[in-house]
Protein chains: 4
Amino acid sequence: MTSERRPGRPRSETRRRAILAAAMAELEERGYADLTIERIAARAGAGKQTIYRWWPSKADVVLDALVDMAETRIALPDEGSLPDDLMAFILATFRQRGQRPVLLGLLAQALLDPVFAKAFRDRFLFRRRAVLRQILDRAVARGEIAPETDPELLIDVVYGVLWYRLMLDHAALDDDAGRQLSSLLLRAARPGP
Amino acid sequence: MTSERRPGRPRSETRRRAILAAAMAELEERGYADLTIERIAARAGAGKQTIYRWWPSKADVVLDALVDMAETRIALPDEGSLPDDLMAFILATFRQRGQRPVLLGLLAQALLDPVFAKAFRDRFLFRRRAVLRQILDRAVARGEIAPETDPELLIDVVYGVLWYRLMLDHAALDDDAGRQLSSLLLRAARPGP
Amino acid sequence: MTSERRPGRPRSETRRRAILAAAMAELEERGYADLTIERIAARAGAGKQTIYRWWPSKADVVLDALVDMAETRIALPDEGSLPDDLMAFILATFRQRGQRPVLLGLLAQALLDPVFAKAFRDRFLFRRRAVLRQILDRAVARGEIAPETDPELLIDVVYGVLWYRLMLDHAALDDDAGRQLSSLLLRAARPGP
Amino acid sequence: MTSERRPGRPRSETRRRAILAAAMAELEERGYADLTIERIAARAGAGKQTIYRWWPSKADVVLDALVDMAETRIALPDEGSLPDDLMAFILATFRQRGQRPVLLGLLAQALLDPVFAKAFRDRFLFRRRAVLRQILDRAVARGEIAPETDPELLIDVVYGVLWYRLMLDHAALDDDAGRQLSSLLLRAARPGP
DNA sequence: GGTTAATCGAGACGGTACGTCTCGTCTTATT
DNA sequence: AATAAGACGAGACGTACCGTCTCGATTAACC
């Protein structure tokens, strides 16, 4: 029921991984703005066509690489209280080595290209939101947050502040920021008097 | 004391305006992602060198054009209460015709180019923050917000949510959104019991 | 002694013909310059490897197709006199529908690729020369041409003028041309006074 | 009356010559079949666009280089008699160092591309014919050739045999060939008895 | 009738050149 | 000097084919 073999030589998983690895290496060495399909292909020992066959743009290559990594790394923190969970989540999201420039590069690409924007939303941003939603649900269960509060708005607040600081770079994104943000959320969503 | 005249033919203000106008026209017709110096110059009937002489990148041209427009249009709303002020501000910021794609394009550019990022922050984002700060100060004065609240965090929340929704495009940015956001701010920052 | 059977699945004559036919069809539709192995294979419903297994280059495919056709069609004319034979020969050679572009394409290929050039000479050009040689031999027998004349030079003259006009396209290749050319040959090779 | 200055930076004659020289060098080293615009540009230290701006195809570059050379080298021989003139002409045409592969390459290109074919005819082949026509005219004046003979057919014979042997490479193109060819012409065109 | 071995369709793959696009710099004459 | 015009070096783009490769499926002859 699974097989679904297509005729012809099958896609090489080895090549796929080589290309994603090359993309990540280029990204670390030269940054997103200087990333080119040509160099990724050269570094991976691949033909350009092999990249174009499977990915519509270089952003999609990077997104694939990122998702491959993130899939395994994102964990739902469970520290027992909303402030602790939030902080753990924020740090887990943005403290990974070298992620900041990659995330900003992908965001830039999403802003310029609506087609990629959809992929970025569906495959990355929305999955992150799902994790945060679970954290908030648990906070509701614990009574830390009033049940009538709209969790989507709270998620927007958390991610809004995160991305805004990430791109503006005018304020820190550290433990203290996590504490302040979660404290604000608690005050805004605390069960009424 | 005043003149500061240099020798040679002075810069033509006519050309400057023609170039900014051409940039805006291109922007509206083809979008930020397809904007090129070459086309702006052709449309303005200008030489490319004339653009490169005065602006370091195409993003700076667009920023100049945007600031020229925004300078005159952004007004500090004074509706008498924080919710009303916030809504007026949000609408004034993002409801201008065709602004959304331009803003997103500039943001993308800022994410990719740190040099432009600084100009974008200083000449655009921070000025907008200043307006919002005044709104919040008035709310403090009216007793709508507790004086011990950090206004910078609140500003981050408002702008964070605004930009996040702007780029994610998953939720509306309308009157209702303004109402919900200001209500959340009021709850988070209301004077304690 | 005859069979020479190898083990394994034998070559499919059906496929061979399908490929030659596809090549001819492509040739007629798009011309030699736009001919590609890829399209021939697609049109024939064949894998590229099947072509590469049996022919070293696309020119060899075309040559095969041409020889298949020409083998049956070229006939030794016997009109009774050199002028009439020559005209018949010229027309039989170059008047076949759609042959001109194919011949010119193969010639171009031969000029660019020495390996194919040899095949083209041996399998096509020299065979045509042989036909012409017979015509001239008969003219010698009839006394139209002096026996001491070198027939090879005359052949070069006939084919030289033919190909030259074929490629230069500056003068007609019709009955009249045949008449003039044979008249020139007769004058050059007539038995001395 | 001559000036006709266009606005903007004028075309650089230096670059033009560098590109033609690079093309000739590539041609000698690797042959026409392996000639690429990319390598010509690299060797000339030029951008590809600079080549595409002025020449529609690589064949036109080579033709330009050839005409530049030939313009100065082709001389009307005047040896006093048709056989001597013809031989001098033939040798002058085809004995130039390394010309054979270049000529065959251009011919191949002309066979594949009708647009280039016209340029090749007008700028190269027809000019050569003009030289030969002068030689024949002088032979008529001297009484070596009957005045009623069509010189165009004779030209076709000479060039036909030359090109045919050039491409077939089955017979020599040397002094002896020149002698035989001119002797044939004389017999064919001699004043009648 | 199963085994063996080459052929076949399909299409992925590493390469390479194509012709185009835009960048940022330069070289003219003109203002 | 500033300007319009546009040539220039540079280099990435996305496409087209090349010739090779790897699959599963097929087609005979041989045992």
Side-chain angles (χ1 to χ4, degrees), chain A residues 3 5-12 14-16 18-19 34-42 44-54 56-58, chain B residues 6-12 14-15 34-39 41-42 44-54 56-58, chain C residues 3 5-12 14-16 18-19 34-39 41-42 44-54 56-58, chain D residues 3 5-12 14-16 18-19 34-39 41-42 44-54 56-58:
Chain A
S3 64
R5 265 318 254 99
R6 288 191 313 160
R9 178 175 174 178
R11 176 177 185 185
S12 158
T14 309
R15 305 321 294 135
R16 181 180 167 274
I19 288 165
D34 279 7
L35 198 63
T36 69
I37 296 265
E38 212 129 75
R39 251 199 301 271
I40 294 175
K48 286 203 287 176
Q49 201 59 252
T50 302
I51 298 184
Y52 284 109
R53 196 170 3 246
W54 301 110
S57 78
K58 68 181 176 185
Chain B
R6 291 185 305 165
R9 176 174 172 179
R11 176 178 185 183
S12 157
T14 309
R15 305 320 296 132
D34 277 8
L35 198 64
T36 69
I37 295 265
E38 214 126 72
R39 255 199 299 271
K48 288 201 296 174
Q49 198 59 250
T50 305
I51 298 183
Y52 282 110
R53 197 172 357 251
W54 303 110
S57 81
K58 70 180 176 184
Chain C
S3 66
R5 280 300 276 109
R6 288 185 306 166
R9 177 176 175 178
R11 176 177 186 183
S12 156
T14 310
R15 305 320 295 133
R16 179 180 170 274
I19 288 165
D34 278 8
L35 197 64
T36 69
I37 296 264
E38 214 125 72
R39 254 199 300 270
K48 288 201 295 174
Q49 198 59 250
T50 304
I51 298 184
Y52 282 111
R53 200 177 350 254
W54 303 110
S57 79
K58 70 180 178 185
Chain D
S3 65
R5 270 310 262 103
R6 288 191 313 161
R9 178 175 174 176
R11 176 178 185 182
S12 159
T14 309
R15 304 323 293 134
R16 181 180 167 274
I19 288 165
D34 279 8
L35 198 63
T36 70
I37 296 265
E38 212 129 74
R39 252 200 300 272
K48 286 201 289 176
Q49 199 60 253
T50 302
I51 298 184
Y52 283 110
R53 188 161 19 236
W54 301 111
S57 78
K58 69 182 177 185

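Any value given below was found using the heavy atoms of this structure, including those in side chains, with hydrogens, waters and symmetry copies removed. If you're wondering where the values come from, they're calculated on a predicted model, not measured in any experiment. Just so it is clear: chains get the letters A, B, ... in the order the sequence lines come, proteins before strands, and each one is counted from 1.
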Q.
Between B:R11 and A:P56, which residue's closest nucleotide on DNA chain F lies nearer the 5′ terminus?
A. B:R11
Q) C:I19 has an atom CD1; how far is it from atom C1' of E:dT7, in whole Å? A) 11 Å
Q. Taking the six-membered ring of D:W54 as reference, does the NZ or CZ atom of D:R11 fall below 6.0 Å from its centre and within a 45° cone about the axis?
A. yes
Q: Could you pull out all residues at least two apart from A:T36 that satisfy side-chain hydrogen bond (donor to acceptor under 3.5 Å, both in side chains)?
A: none
**Q.** Rounded distance [0.5 Å steps], CZ in C:R16 versus OG1 in C:T50
**A.** 14.0 Å
**Q.** Rounded distance (Å) that lies between atom C1' of F:dC13 and atom NZ of A:K58
**A.** 10 Å
Q | Value in whole Å for how far the C1' atom of E:dG11 lies from CD of A:Q49 | A | 12 Å
**Q.** N/O (side chain, C:R53) to phosphate O (OP1/OP2, E:dC8) under 4.0 Å
**A.** yes
**Q.** Rounded distance (Å) that lies between atom C1' of E:dG24 and atom OH of B:Y52
**A.** 5 Å
(Q) Nearest whole Å is fine: how far is F:dA12 P from A:L35 CG? (A) 11 Å
(Q) I need the CD-P distance between A:E38 and E:dA17, as an integer number of Å. (A) 13 Å
Q: Tell me, please, which residues at least two apart from C:K48 pass side-chain hydrogen bond (donor to acceptor under 3.5 Å, both in side chains).
A: C:E38
Tabulated below should be each protein N or O lying under 3.5 Å from an N or O of nucleotides 28-31 of chain E; please produce it.
residue : atom : partner : partner atom : Å
E:dT31  : O2   : B:R9    : NH1          : 3.0

(Q) Using OP1 and OP2 only, check whether a side-chain N or O of D:R39 sits under 4.0 Å from E:dA17. (A) yes
Q) Does F:dT22 have OP1 or OP2 sitting under 4.0 Å from an N or O in the side chain of A:S12? A) no
Q: Return yes if the base of F:dG9 and the side-chain atoms of D:K48 contain a donor-acceptor N/O pair under 3.5 Å, otherwise no.
A: no
Q. Would you say a side-chain N or O of C:W54 is under 4.0 Å from OP1 or OP2 of E:dA6?
A. no
Q: Rounded off to whole Å, could you give me the CD1-to-P distance for the B:I51 and F:dA5 pair?
A: 12 Å
(Q) Quick check on E:dG9: is either OP1 or OP2 less than 4.0 Å from any side-chain nitrogen or oxygen of C:T50? (A) yes
Q. Counting just side-chain N and O atoms, does B:R15 come under 4.0 Å of either OP1 or OP2 of F:dA4?
A. yes
Q. By side-chain hydrogen bond (donor to acceptor under 3.5 Å, both in side chains), which residues pair with A:S57, not counting sequence neighbours?
A. A:D60
Q. So which one's nearest nucleotide on DNA chain F is more toward 5', C:D34 or B:G45?
A. B:G45
Q) If you fit an axis to the five pairs at each end of the helix from E:dG1-F:dC31 to E:dT31-F:dA1, how big is the angle between those two axes, to 10 degrees? A) 10°
**Q.** Nearest-Å distance for atom pair CD1/C1', residues C:I37 and E:dA10
**A.** 16 Å
Q) Do you know the tightest heavy-atom contact between C:A18 and C:A44? A) O-CB, 3.7 Å
Q.
If I compare all heavy atoms of C:L35 with all of C:K58, which pair ends up nearest, and what's the gap?
A. O-NZ, 3.0 Å
Q: Of all the heavy-atom pairs spanning A:I19 and A:I40, show the shortest one and how long it is.
A: O-CG2, 3.8 Å
(Q) When you measure from the side chain of D:R15 to the backbone of D:G45, do you find a donor-acceptor pair of N or O atoms at a distance under 3.5 Å? (A) yes
Q. For A:R39, what residues pass the side-chain hydrogen bond (donor to acceptor under 3.5 Å, both in side chains) criterion, not counting sequence neighbours?
A. A:E26
